[in-house]
There are 2 protein chains.
Amino acid sequence: MVKKRVTLADVARLAGLSSTAASMILTGRPDTRLSAEAHERVHAAAAQLGYRPNIAARALRTDKTRTIAFISDYVATTRFASGLIRGALDAAEKANHVMLVLETGGEPAREVQAIEAALDRQVDGIVFAAMRSREIFVPDVPANTQVVMLNGTSAKYRNSVLADEFAGGRAAVEALLARGMGQQIALIGHNELAERGLFRSETVEKRFAGIRHAMEEHKLAFVAEESCWEWEPHHGYELVRKLLKQGPKFTALLCLNDRLAFGAYQALAEAGLRIPTDVAVMGFDNDELASYLRPGLTTVALPHEEMGRKAVSLMMGDDEPREHLIDMPLVVRGSI
Amino acid sequence: MVKKRVTLADVARLAGLSSTAASMILTGRPDTRLSAEAHERVHAAAAQLGYRPNIAARALRTDKTRTIAFISDYVATTRFASGLIRGALDAAEKANHVMLVLETGGEPAREVQAIEAALDRQVDGIVFAAMRSREIFVPDVPANTQVVMLNGTSAKYRNSVLADEFAGGRAAVEALLARGMGQQIALIGHNELAERGLFRSETVEKRFAGIRHAMEEHKLAFVAEESCWEWEPHHGYELVRKLLKQGPKFTALLCLNDRLAFGAYQALAEAGLRIPTDVAVMGFDNDELASYLRPGLTTVALPHEEMGRKAVSLMMGDDEPREHLIDMPLVVRGSI
DNA sequence: TCCTCTTGCTAAATGGTTTTAGCAGTTGCA
DNA sequence: TGCAACTGCTAAAACCATTTAGCAAGAGGA
């Protein structure tokens with residue numbers, strides 16, 4: 001409990017060598033000319049004393065901390081953030097790094113603070129994660145600090161990781177059509193303003209673009225479209241009730257996320273419609289909810305964990321610096 | 001981009017003073033005798049150069065890093081972890097600290113690694129968070145490193161933060177009875193083995209003890225009890241189907257968590273029973289799900305954010321070191 | 001023999017901050 | 001006048017690891 005830290009000097013003393021020698025041996029320098037016996041003695045001494053290098057002291061010389069920062073606008077408001085974090089954490093651990101997590105709430109003042117706090121601690125790199133994809137503004141950082149955008153892009157930094165929303169949108173439509181029951185598809189959740197870029201959200205834009213592209217390829221049009229600003233279950237519930245009351249008949253329902261689909265299930269059940277017999281339902285995100293529903297909701301997954309992992313491995317220089325798109329896998333359950 | 005770090009020496013030079021003076025002034029030492037003019041000059045110089053102290057260098061002398069570690073078994077497997085993290089993050093930010101997040105998966109080897117990684121970086125304190133409450137084993141840490149247990153306890157460290165599960169259990173029963181409809185209560189999710197401590201989970205034990213206590217106070221017994229190992233929606237679904245098929249009639253259903261309640265809703269709906277008219281339903285945790293259901297699920301909330309916040313503020317020494325119980329608020333929605 | 005290379009190692013500088021010890025110069029008091 | 005106390009400041013050590021420059025001894029070659 002009270003024992004003092006073991007320093008490199010202690011190890012060197014016990015091994016009967018200089019700390020220079022101990023340092024070189026323990027850091028595994030390649031071209032040193034120290035004897036095999038010296039190596040052995042130093043390693044033995046280090047093991048015996050339980051030596052652990054003081055990272056702050058090392059950072060002072062080397063400017064490397066084996067620490068990265070994960071700065072996001074919201075950590076838990078959206079349940080997805082934790083997937084990103086977990087993936088990032090996993091990759092960081094594999095690369096023998098630790099991760100500082102910072103939350104900004106999207107407020108510029110806190111963003112600046114978070115970045116400064118990270119730089120003060122000389123992190124080796126920063127992952128900027130946005131819960132809603134958008135252009136992220138990032139202040140200058142020192143040249144030797146890596147920057148990766150996660151679920152967002154930046155004009156200044158080319159390293160970024162995004163979900164392949166366009167392909168995902170197409171996949172959803174293809175999945176509905178492949179079951180041979182998707183001739184009369186209704187869509188809920190699309191927001192025209194978003195598409196026009198007034199309320200900028202690249203995610204939604206690209207997802208929808210993919211959907212539209214697939215529909216056009218098949219020379220199809222939606223039999224109905226209902227849009228809304230937010231995509232919570234009760235919105236889905238209300239939109240579907242509206243569709244059922246006044247809209248045309250539909251045999252498939254494409255929901256722009258799983259939460260909308262959740263509400264849709266409730267409205268369909270109330271109306272006595274069976275899934276997938278009467279209506280096939282399809283969502284996006286692979287929210288935890290999707291597996292709870294009866295029947296299970298077929299959905300196009302947002303691969304958050306994979307994205308987090310990729311962002312960190314990109315930071316470690318495992319791949320070329322550019323925009324990386326991560327596949328959105330189709331998760332097939334009973335709803336189509 | 002390429003600009004070098006501004007050091008204390010730079011500030012001192014610009015102010016025309018020694019770095020000793022600059023250090024004392026910027027760290028706000030109380031009993032220094034430096035002139036008002038010196039103060040002014042140093043602050044002006046620091047502001048002009050945009051000086052930020054190098055935390056690694058400072059840590060070398062002071063052993064304080066304004067960094068804490070949050071070590072948990074699972075970050076995102078349970079959706080609750082993010083609540084704990086968010087609360088902790090919030091409190092840390094308020095106290096001008098940053099947080100290192102580490103995940104161990106409950107594996108002892110990774111636990112040791114995580115602790116060492118944290119100590120190598122000279123964190124000021126460590127929060128050990130367990131997703132399933134239990135006795136946590138914690139290796140020795142240096143005397144000046146604070147330790148707080150979050151959602152778990154440890155023989156060695158007295159600082160801990162737990163949800164007040166006993167009171168929560170009572171509150172659930174009281175809430176059912178208060179509505180005057182809870183005379184025939186069925187319970188799902190309790191596990192006898194857990195209660196006997198074979199599969200040690202203090203959370204479940206205390207929650208159930210509170211429930212039992214309240215029942216006894218009112219001289220009531222459950223009309224049926226169905227237990228199971230895991231508490232996922234489909235378990236709730238199956239247990240309730242079983243109850244409906246072979247069990248006695250019940251007018252209230254107490255589910256040991258919200259996910260079970262979710263499954264219960266599905267089973268009740270299939271059987272044509274209405275909530276709350278035919279059966280009142282009550283859950284625990286205040287899972288995101290609870291608000292999505294129709295009618296909304298009344299539940300006893302696990303105050304994760306509050307717990308995370310408390311753990312960090314306890315670490316900062318804002319309260320006496322002991323076991324702290326956090327209230328579990330009753331969240332009333334339409335299901336009772 | 002002298003010179004150069006190689007081998008195996010170390011002294012000392014370095015990074016940026018805090019902190020201890022102490023130095024001039026002035027004031028206060030007897 | 002003599003001495004203590006105060007005022008306003010600084011030099012240098014300390015924290016711990018990395019890295020540069022270089023030393024001493026032995027080997028090899030001419």
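To find a chain, count down the sequence lines: A is the first, B the second, and so on, and within it residues start at 1.
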Next item on the list: Look at all strands and tell whether A:A38 reaches a base, only sugar-phosphate, or nothing, counting heavy atoms closer than 4.0 Å.
Entry: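 Sugar-phosphate, no base atom in range.
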
Note to self: Just to be sure I understand the rule, does A:S35 reach a base, reach only the sugar-phosphate, or reach nothing, if contact means heavy atoms closer than 4.0 Å?
What the structure shows: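 Counting heavy atoms under 4.0 Å across all strands, the contact made by A:S35 is with sugar-phosphate only.
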
Go through [options] for me and flag the one nearest to the [X] side chain.
X     : options                : result
A:S23 : D:dT18, D:dA17, C:dC9  : D:dT18
A:L17 : C:dG16, D:dT20, C:dC9  : C:dC9
A:R29 : C:dT20, D:dT20, D:dA17 : D:dT20

Note to self: Is it true that, when you exclude A:E40 itself, more than 12 heavy atoms of the residues, nucleotides or ligands shown sit nearer than 6.0 Å to its CD?
What the structure shows: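 Counting neighbours around CD of A:E40, 12 or fewer heavy atoms of other residues, nucleotides or ligands fall under 6.0 Å, so no.
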
Check: B:A36 or B:R61: which one's nearest nucleotide on DNA chain D is closer to the 5' end?
Finding: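 Nearest nucleotide further toward 5': that of B:A36.
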
Notebook entry, point to check: Hey, does the side chain of A:Y51 come within less than 4.0 Å of D:dA17's phosphate (OP1/OP2), counting only N and O?
Noted result: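 Yes, A:Y51 has a side-chain N/O under 4.0 Å of OP1/OP2 on D:dA17.
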
Next item on the list: Determine whether B:R121 and B:L100 make a side-chain contact, defined as any pair of heavy atoms from C-beta on separated by less than 4.5 Å.
Entry: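 Answer yes - side chains close enough.
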
Donor-acceptor pair present, [X] side chain and [N] base, under 3.5 Å:
X     : N      : result
A:T20 : D:dT19 : yes
A:R33 : C:dG8  : yes
B:S18 : D:dA11 : no

Notebook entry, point to check: What integer distance in Å separates B:D63:CG from C:dT17:C1'?
Noted result: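 Spelled out: CG on B:D63 to C1' on C:dT17 is 13 Å.
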
Check: On DNA chain C, nearest-nucleotide positions of A:L34 versus B:R52: which is more 5'?
Finding: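 Residue closer to the 5' terminus by nearest nucleotide: A:L34.
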
